[in-house]
Amino acid sequence: MYFASDNAGPAHPRVIEALAAANDGYAMPYGVDASMERVRDRLREIFEAPEASVHLVATGTAANALALACMTRPWETVFCTRMAHIEEDECGAPEFYTGGAKLTLVDAPDGMMTPDTLAAAVDPLMGRAVHNVQPGPVSLTTVTERGSVYPLDRIAAVADAARARGLKVHLDGARFANACAALGCTPAELSWRAGIDALSFGGTKNGLLGVEAVIFFDPAVAREFELRRKRGGHLFSKHRYLSAQMEAYLADDLWLTMARSANAACARLVAGLSRLDHVTLLHPADANIVFCRFPRALHRRAHEAGAAFYSLDPIEGEGDARARLVCDWSASDENTDRFLSLLA
Ligand SMILES: *Cc1c(COP(=O)(O)O)cnc(C)c1O
C-alpha cells in the first residue's frame with residue numbers, strides 16, 4: 001500500500017533491460033552517443049517539432065533550474081505559484097542557477113494560475129525603474145502540485161497573457177506523461193501548440209531510474225543550455241545510460257502506458273474514497289495524485305497497517321487530518337482495495 005510518491009516505485013523492467021543492453025562495449029561520452037541521436041529524433045517526432053533542442057539531465061531540479069537559467073536574466077523574476085516545486089522543493093536552485101533571479105508568487109486556486117492572477121502579479125512590475133526586478137518567464141506545472149491538470153485552453157490563455165507582456169513560458173512536466181494521458185491530447189498540444197517555450201519532460205516519477213529531458217522549442221537556446229549544464233556539473237560523462245533509459249521510455253509509447261496505469265490506479269482510489277462519507281476530496285484529482293481529508297484515527301490505523309502516505313497534519317487526537325496519496329505505474333488494484341478497506 002504505497003502512496004507516498006511515484007518516485008518510490010520501481011523502474012520498469014524494460015528500462016532495466018535497456019540499460020543492460022546498453023552496457024556492451026564502447027559508446028562516445030557526454031551526449032554524443034548513438035542512442036542520444038535516436039532519443040533526439042524520437043522526441044522531435046513525438047512533439048512534432050523537428051527543430052526542437054533536446055537535452056538529458058538526471059534530476060527534475062536540474063531540468064527546471066537549468067532551463068529557467070537560459071530564460072531569465074539575473075535581475076528578472078520568474079512567475080510561479082506558491083506551491084510550485086521550484087518555489088517549495090528545490091532549495092533555491094532556480095535562484096542559484098539564474099544568478100540570483102527572484103521568484104514572484106502568483107495566486108492559483110487548485111494549483112493553477114489564471115490569466116487574471118498572472119496579470120495581477122506581472123502588471124505592477126511592468127515598465128518599472130532600475131530599483132525593481134524586471135518581469136521574466138512564467139513557469140507552470142502540470143500535473144500540478146495539487147493533483148490537478150491544466151485544461152489545454154487554460155494553459156493557452158495563461159501563455160497568451162504571458163506572451164502579450166513579452167514573457168516566455170516554461171512548463172515543469174515532471175508528470176507530463178500523466179497530464180498528457182489524462183487529457184488524451186498530443187504532446188505538441190500540451191506544449192508548443194499551447195504556447196510553451198521550454199519543457200521539463202519528466203521520466204523519473206514515471207518508471208525511469210533517473211532521467212528528465214529538457215526540450216526547447218526555440219533551438220537558439222541549445223548552446224547556452226549545453227554550457228550551463230556542463231558548468232553546473234550536470235553533464236553526464238557516461239551519458240549513454242541516460243539515453244538508454246529515455247530510449248526505452250519512448251519505445252512503443254511505454255511512457256504513456258505507464259502514465260495510464262498510474263492514472264487508472266488513482267481513479268480507482270478516488271472512486272473508492274468518494275464512496276466513504278467520512279473522506280473529503282480536497283482538489284480535483286485529475287491524474288495520479290489525490291489530496292483528501294479523513295479522521296486522524298484512520299490515519300493512525302492505515303499507517304499502523306503498513307500503508308505509506310504523507311499525512312499533512314499531525315495525526316494524534318481527534319478530528320480530520322489531510323493526506324496526499326500518489327499512485328505510480330506499478331500500483332496494484334489489490335493494494336488499493338486493501339487500503340480502501342482500512343479506511344472504510
Ligand atoms: C518530483 C518533481 C520534480 C523533480 O524533482 P527532483 O527530485 O529534482 O527529480 C519537479 N517538479 C515537480 C512538480 C515534481 O513533483
Side-chain angles (χ1 to χ4, degrees), residues 1-13 82-83 85 88-89 108-112 141-151 174-184 202 204-207 255-344:
M1 293 179 290
Y2 209 99
F3 304 102
S5 189
D6 37 6
N7 53 8
H12 194 279
R82 178 170 301 283
M83 59 288 275
H85 199 270
E88 288 207 313
D89 295 298
D110 286 327
M112 297 183 281
T141 307
T142 199
V143 178
T144 72
E145 292 83 354
R146 290 294 172 270
S148 47
V149 172
Y150 276 90
R175 298 187 177 87
F176 185 91
N178 303 86
C180 213
L183 293 169
T204 310
K205 297 255 167 73
N206 188 35
W255 63 291
L256 281 173
T257 305
M258 289 195 285
R260 287 188 194 114
S261 301
N263 291 1
C266 189
R268 185 183 186 94
L269 181 61
V270 168
L273 293 172
S274 55
R275 281 193 292 271
L276 302 175
D277 287 341
H278 51 277
V279 177
T280 308
L281 299 172
L282 295 176
H283 303 288
D286 294 330
N288 67 324
I289 307 176
V290 55
F291 286 82
C292 57
R293 156 164 88 59
F294 52 86
R296 289 176 153 82
L298 291 180
H299 280 256
R300 296 194 292 271
R301 182 201 284 180
H303 285 298
E304 276 157 25
F309 61 98
Y310 285 105
S311 295
L312 305 177
D313 301 300
I315 59 168
E316 299 78 38
E318 301 301 307
D320 278 0
R322 292 166 304 148
R324 185 188 87 142
L325 307 166
V326 187
C327 298
D328 81 315
W329 69 272
S330 72
S332 74
D333 288 352
E334 189 197 340
N335 284 341
T336 301
D337 294 348
R338 261 177 71 210
F339 179 72
L340 286 168
S341 65
L342 282 170
L343 296 196

- request: Output, in order, the C-alpha distance, side-chain angles, deciding distance and verdict of side chain to side chain contact (heavy atoms under 4.5 Å, CB included) for L269 and V290.
  value: CA-CA 9 Å; L269 181 61; V290 55; 3.9 Å; yes
message: I'd like to check the side chain to side chain donor-acceptor pair (under 3.5 Å) partners of S311; sequence neighbours left out, ordered by chain and number.
response: H299, H303
message: Is it the case that the side chain of S332 and the backbone of N335 share a donor-acceptor pair, with hydrogens and angles ignored and the cut-off at 3.5 Å?
response: yes
message: For R300, give me all partners under side chain to side chain contact (heavy atoms under 4.5 Å, CB included), at least two apart in sequence or on another chain.
response: R296, A297, E304, I315
statement: In short, D6 meets C327 closest at the heavy-atom pair CB-O, 4.0 Å
query: Does any N or O in the side chain of H278 come within less than 3.5 Å of the main-chain N or O of L343, such that one atom is a donor and the other an acceptor?
result: yes
message: side chain to side chain contact (heavy atoms under 4.5 Å, CB included), that's the test. Do C292 and T280 meet it? Break it down for me.
response: CA-CA 5 Å; C292 57; T280 308; over 6 Å; no
Spatial distance of atom CZ (F294) from atom CG (D277) [nearest 0.5 Å]: 15.0 Å
- line: To the nearest 0.5 Å, atom OH of Y150 lies from atom OG1 of T144 at 7.5 Å
Salt bridge D328-K205, side-chain N to carboxylate O under 4.0 Å: no
message: Can you give me the closest heavy-atom contact between M83 and A108, atom names plus distance?
response: CE-O, 3.8 Å
statement: Applying side chain to side chain contact (heavy atoms under 4.5 Å, CB included) to A181 and not counting sequence neighbours gives L256, A259, R260, N263
query: Just by modelled atom types, is the A265 backbone N or O under 3.5 Å from a matching donor or acceptor in the N288 side chain?
result: no
- request: Could you tell me whether the side chain of N178 and the main chain of A287 form a donor-acceptor pair under 3.5 Å?
  value: no
message: Suppose the criterion is ring pair (Phe, Tyr, Trp, His ring centres under 6.0 Å): which pairs have a residue in residues 313-344, not counting sequence neighbours?
response: F3-F339, H12-W329, F309-F339
query: In Å, rounded to the nearest 0.5 Å, how long is the span from CG of D110 to NE2 of H283?
result: 6.0 Å
field: Residues forming a side chain to side chain contact (heavy atoms under 4.5 Å, CB included) with R324, sequence neighbours excluded
entry: S5, I289, F291, Y310, L312, V326
query: Are any of the side-chain nitrogens in R293 or D320 under 4.0 Å away from the carboxylate oxygens of its partner?
result: yes
field: Full working for side chain to side chain contact (heavy atoms under 4.5 Å, CB included) between R268 and D337
entry: CA-CA 9 Å; R268 185 183 186 94; D337 294 348; 2.7 Å; yes
field: Heavy-atom donor-acceptor pair, E145 side chain to H85 backbone, under 3.5 Å
entry: yes
message: Please find the pair of heavy atoms, one from L276 and one from A344, that lie closest to each other, and give the distance.
response: CD2-CA, 3.8 Å
field: Side-chain (S274) to main-chain (V270) donor-acceptor, under 3.5 angstrom
entry: yes
- request: First locate atom CG of D333, then atom CZ of R338, and finally report the distance between them rounded to the nearest 0.5 Å.
  value: 13.5 Å
- prompt: Between CG of D286 and CG of L183, what distance do you get to the nearest 0.5 Å?
  reply: 8.0 Å
- prompt: For A179, what residues pass the side chain to side chain contact (heavy atoms under 4.5 Å, CB included) criterion, not counting sequence neighbours?
  reply: T142, V143, V149, L190
